[in-house]
Amino acid sequence: MDIRIFSTANELSAFTAQEIIELVRARKSSNRTCVLGLAAGATPVAVYQNLVRLHRQGQSFANVVTFNLDEFYPMPPNSPHSFSRFMRENFLNLVDLDPANIHEFDGSLRNHGVAEFCERYGRAIAGAGGIDLQLLGIGRNGHIGFNEPGAARTSRTRLVNLDTVTRRDARDSFGADEVPHQAITMGIGSILSARRILLLAVGRHKTAILAKALDGAVTDKVPASFLQKHPCASAYLDRTAAERLARVNQSL
Ligand code: GLP
């Protein structure tokens with residue numbers, strides 16, 4: 001897996017945004033849509049800020065189709081904890097995306113409707129031609145999306161139970177509100193079907209899990225390790241996050 005280390009999180013974010021824009025432009029020049037898989041969370045916020053800035057300087061997103069990666073369940077769409085709301089407020093509503101091209105999870109569905117919703121979500125990705133570029137963060141337990149340790153390599157979009165590390169880490173942002181016990185997520189199989197994958201990670205709290213995910217064995221105990229087998233996946237890290245990587249630490 002290709003690993004690129006940046007001196008600062010700002011450089012990482014600007015570089016990532018530029019790569020996305022170049023893809024959007026390349027697809028536009030051949031009259032095609034550009035299908036982006038989008039992650040919520042603290043890590044990609046500055047990427048979205050860069051994309052919005054580029055939009056204000058004239059960059060159009062009219063040919064872009066988006067699919068959100070995950071959502072807590074249950075979760076009202078306008079809750080401050082909703083990833084759908086996060087994506088709308090940080091990116092989707094701030095550029096000229098066609099609302100019909102935005103795909104998000106409905107965390108307010110009744111339980112019996114979720115499986116069918118997930119089926120349709122998978123079909124919508126296929127109908128859009130598959131994901132051109134998938135943005136990912138990583139959880140401290142190695143999750144990608146909400147694919148927790150133990151998730152199968154072939155898993156598709158579905159409802160999952162959250163593990164204790166994920167719920168504990170989410171508590172900071174939930175404050176007094178209870179963190180849901182479940183989530184809806186694109187599966188590992190769905191993620192690995194993307195033509196290009198960018199895993200972004202910054203900061204000391206990601207150092208230990210990145211050493212396992214990028215240098216360790218490919219195992220369902222560390223779901224992000226499955227990315228090692230993808231033909232076109234890169235990890236973009238800051239120096240601190242990359243500190244324990246055997247393959248790169250000589251150059252740090
Ligand atoms: C969250 C989400 C992921 C996210 C990851 C890292 O719980 N399920 O989609 O990428 O954990 O989040 P952060 O970027 O805030 O560290």
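Below, all heavy atoms of this structure are taken into account, side chains as well, without hydrogens, waters or symmetry copies. For ligands, and for the atoms within them, numbers begin at 1 and follow the listed sequence. Keep in mind it's a predicted model, so treat the numbers as computed, not measured.
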Below 4.0 Å from any atom of ligand 1, which residues have a heavy atom? Give them in chain and number order, please.
Ala40, Gly41, Ala42, Thr43, Leu69, Asp70, Phe83, Gly137, Ile138, His143, Gly145, Phe146, Lys206
side-chain contact (heavy atoms from CB on, under 4.5 Å) partner of Leu97, the single match among Thr66, Asn63, Val65
Thr66
Polar contact flag, side-chain donor to acceptor under 3.5 angstrom, Asn147-Arg158:
yes
Looking at residues at least two apart in the chain, or sitting in another chain, which of them share a ring pair (Phe, Tyr, Trp, His ring centres under 6.0 Å) with His103?
Phe67
Do Val114 and Phe146 share a hydrophobic cluster (ILVMFWY, side-chain heavy atoms under 4.5 Å, transitive)?
no
Hydrophobic cluster membership, with links at side-chain heavy-atom distances under 4.5 Å among I/L/V/M/F/W/Y: are Leu135 and Ile138 in one?
no
Determine the sole option in Phe83, Phe105, Phe86 for which the ring-ring contact (aromatic ring centres under 6.0 Å, His included) test with Phe72 is passed.
Phe83
